[in-house]
Q: 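This is the structure I have questions about; it appears just below.
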Amino acid sequence: MFVKYSGVISQMMIVILLCAAGCAVGQEASQDVQRFQQDRFAIGFWVDPPYDQRFEQRYAEIAEANFTLVVGGFGPRNGEQISHQIRLCEQYDLNVIITPPVNPTAELEELMDNSPAFWGQLFRDEPGVDEFADLAVRVQAYRETNPGKLAYINLYPNYASPAQWDVSSYHEYLERFVQEVNADVLSMDHYPLMTPDVDRREAYCQNLAIMREVSLAQGIPFWNFFNTMPFANHYDPTE
């Protein structure tokens, strides 16, 4: 089920995140490094609520709307504000992926180590293949110092260009990502344009199909962002 809740979404980019192709299945932990294991269906959004006088109210609304995941820490957030965010996620049984500040506070470091709400960190959005080698080193280093946490990377959709992927085919782009980065989650954003004159659902379904194929072969979940309300030249989607 996909949820649109205008009380929350109106202040965020209009997308939803879900897990598919074996939501509770992740790669088995290696003998020496504990890997991230997804244990619940992930329904979230990009981006998190602004840090203002209604911050706590927003997290109550997010939970009531049946979201389970917050992708947050964007904007000029300090360690104290992100700590507040993680505490609210604990209170409302939400998980959170953050972009940590350069200089986290001692409280934030403790929460990132021990909070059951903290899933991990956002490492990169839409990298090309030329970045995979560096990301693989960073991801492995993060796993070794943060066992069980997710180094989250979101990928391009199939309508991006070979110049953006840095390879000639989308299938190769996905396969090289899961193999070279050794990812725990396969994730992309795809916003199918649907208007009275244009219907691009076929390309969207093809994108889901190839994500499923690659994620099943790797034994990891896949996530997808898509629009749930109008923005730019996108209409308000029907069910």
Side-chain angles (χ1 to χ4, degrees), residues 12-13 15-19 23 26-27 29-30 33-40 42-51 55 59 62 67-90 92-128 131-156 177-178 180-189 215 218 220-225:
M12 306 170 191
M13 186 172 178
V15 292
I16 191 166
L17 171 72
L18 71 153
C19 157
C23 168
Q27 288 184 324
S30 64
V33 179
Q34 182 183 352
R35 301 288 291 270
F36 171 76
Q37 296 286 315
Q38 184 175 334
D39 59 1
R40 68 192 301 184
I43 306 175
F45 45 82
W46 187 292
V47 297
D48 52 334
Y51 196 85
F55 192 65
Y59 280 79
I62 289 167
F67 288 98
T68 62
L69 176 63
V70 176
V71 182
F74 297 97
R77 302 283 174 85
N78 59 38
E80 182 178 350
Q81 293 169 342
I82 297 177
S83 294
H84 188 189
Q85 179 181 49
I86 295 175
R87 294 289 190 197
L88 288 173
C89 287
E90 289 180 349
Y92 291 106
D93 190 29
L94 299 165
N95 289 106
V96 62
I97 295 171
I98 70 164
T99 303
V102 175
N103 298 306
T105 62
E107 179 189 19
L108 178 55
E109 289 182 335
E110 190 277 331
L111 287 169
M112 289 192 294
D113 286 339
N114 300 306
S115 172
F118 179 70
W119 261 7
Q121 297 184 21
L122 173 63
F123 269 51
R124 183 72 170 88
D125 185 39
E126 298 183 335
E131 298 181 59
F132 288 175
D134 177 66
L135 286 170
V137 173
R138 292 176 56 202
V139 167
Q140 182 60 23
Y142 182 73
R143 287 192 184 113
E144 291 173 356
T145 56
N146 301 270
K149 302 303 181 182
L150 175 64
Y152 175 54
I153 300 166
N154 184 59
L155 300 179
Y156 283 113
F177 174 73
V178 296
E180 295 179 22
V181 181
N182 197 13
D184 293 316
V185 168
L186 183 62
S187 173
M188 62 88 181
D189 52 338
S215 66
Q218 189 73 3
I220 58 176
F222 83 81
W223 297 355
N224 164 225
F225 287 94

Q: Working to the nearest 0.5 angstrom, can you tell me the gap between Ile86 CD1 and Asn114 CG?
A: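 If I round to the nearest 0.5 Å, the distance is 11.0 Å.
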Q: Which heavy atom of Trp46 sits nearest to which heavy atom of Phe225, and what is that distance?
A: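 Heavy atoms only, the tightest pair is CE3-CZ, 3.6 Å.
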Q: State, without any angle test, whether Gln121 and Thr99 hold a side-chain donor-acceptor pair at a distance under 3.5 Å.
A: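 No donor-acceptor contact under 3.5 Å links the two side chains.
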Q: Determine whether Phe55 and His84 satisfy the following criterion, side chain to side chain contact (heavy atoms under 4.5 Å, CB included), listing intermediate values before the conclusion.
A: CA-CA 9 Å; Phe55 192 65; His84 188 189; 4.0 Å; yes
Q: Locate the shortest heavy-atom distance separating Pro101 from Arg77; write the atom from each residue and the value.
A: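 Result for this residue pair: CB-O, 3.9 Å.
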Q: With the threshold set at 4.0 Å, does a side-chain nitrogen-carboxylate oxygen contact exist between Lys149 and Asp113?
A: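 Salt bridge between Lys149 and Asp113, a charged N being under 4.0 Å from a carboxylate O: no.
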Q: Please give me the minimum heavy-atom distance between Ile98 and Val96, naming the atom from each residue.
A: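 Shortest heavy-atom contact: CG2-CG2, 3.6 Å.
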Q: List the residues meeting side chain to side chain contact (heavy atoms under 4.5 Å, CB included) with Asp134, not counting sequence neighbours, and say none if there are none.
A: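 Partners of Asp134 by the side chain to side chain contact (heavy atoms under 4.5 Å, CB included) criterion, ordered by chain and then number, come out as Arg138.
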Q: For the ring pair Trp119 and Tyr152, is the centre-to-centre distance below 6.0 Å?
A: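 Centroid distance Trp119-Tyr152: not below 6.0 Å, so no.
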Q: Under 3.5 Å, is there a donor on one side chain and an acceptor on the other for Asn154 and Asp189?
A: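 Asp189 and Asn154 do have a side-chain donor-acceptor pair below 3.5 Å.
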Q: Between Pro49 and Tyr59, which heavy-atom pair has the shortest distance, and what is it?
A: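 Taking every non-hydrogen atom into account, CD-OH, 3.8 Å.
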Q: Test Asn182 against Arg143 for side chain to side chain contact (heavy atoms under 4.5 Å, CB included), laying out the working first.
A: CA-CA 11 Å; Asn182 197 13; Arg143 287 192 184 113; 4.3 Å; yes
Q: Working to the nearest 0.5 angstrom, can you tell me the gap between Ile82 CD1 and Met112 CE?
A: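 CE of Met112 is found 8.0 Å from CD1 of Ile82.
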Q: Knowing that exactly one of Leu155, Leu69, Val71 qualifies, which makes a side chain to side chain contact (heavy atoms under 4.5 Å, CB included) with Trp223?
A: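 Filter result, single survivor: Leu69.
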Q: Looking at Val139 and Phe123, what are the two nearest heavy atoms and their distance?
A: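 Heavy atoms only, the tightest pair is N-CE2, 4.2 Å.
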Q: Can you confirm whether Phe222 sits close enough to Val185 that some side-chain heavy atom of one is under 4.5 Å from a side-chain heavy atom of the other?
A: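 They are not in contact (no side-chain heavy atoms under 4.5 Å apart), so the answer is no.
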Q: How long is the straight-line distance from CG of Leu186 back to CG of Asn224, given to the nearest 0.5 Å?
A: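 If we round to the nearest 0.5 Å, Asn224:CG and Leu186:CG are 10.5 Å apart.
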Q: Working to the nearest 0.5 Å, report the span between OG of Ser83 and CG of Leu108.
A: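 Answer rounded to 0.5 Å: 4.0 Å.
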Q: Dump the intermediate steps for side chain to side chain contact (heavy atoms under 4.5 Å, CB included) on Val70 and Ile97, then the final yes or no.
A: CA-CA 6 Å; Val70 176; Ile97 295 171; over 6 Å; no
Q: Determine yes or no for a side-chain-to-main-chain donor-acceptor pair under 3.5 angstrom, with Gln218 supplying the side chain and Ser215 the backbone.
A: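 Pair absent, no side-chain N/O of Gln218 close to backbone of Ser215.
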Q: What's the separation between atom OG in Ser115 and atom CD in Glu110, rounded to the nearest 0.5 Å?
A: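 Answer for the OG-CD pair, Ser115 versus Glu110, is 8.0 Å.
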Q: Restricting to non-hydrogen atoms, name the atom on Pro116 and the atom on Asn95 that form the minimum distance, rounded to 0.1 Å.
A: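 Answer, listing the atom of Pro116 first, then Asn95: O-ND2, 3.3 Å.
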Q: Would you say Tyr51 and Gln85 are linked by a side-chain donor-acceptor pair, where the criterion is simply a distance under 3.5 Å?
A: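 Distance-only check fails for Gln85 and Tyr51.
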Q: For Glu80, enumerate each residue passing the salt bridge (charged side-chain N to carboxylate O under 4.0 Å, His left out) test, keeping only those at least two apart in sequence or located in another chain.
A: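 Residues passing salt bridge (charged side-chain N to carboxylate O under 4.0 Å, His left out) with Glu80: none at all.
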Q: Run the side chain to side chain contact (heavy atoms under 4.5 Å, CB included) test against Asp93 and tell me which residues pass, sequence neighbours left out.
A: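 Here the qualifying residues are Arg40.
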Q: Look up atom CG in Leu122 and atom CG in Leu150, then write down how far apart they are to the nearest 0.5 Å.
A: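 Here the rounded value is 9.5 Å.
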Q: Could you tell me whether a side-chain N or O of Asp184 sits under 3.5 Å from a main-chain N or O of Gln38, the two making a donor and an acceptor?
A: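 Not at all, since once roles are kept as given, no pair shorter than 3.5 Å links the two residues.
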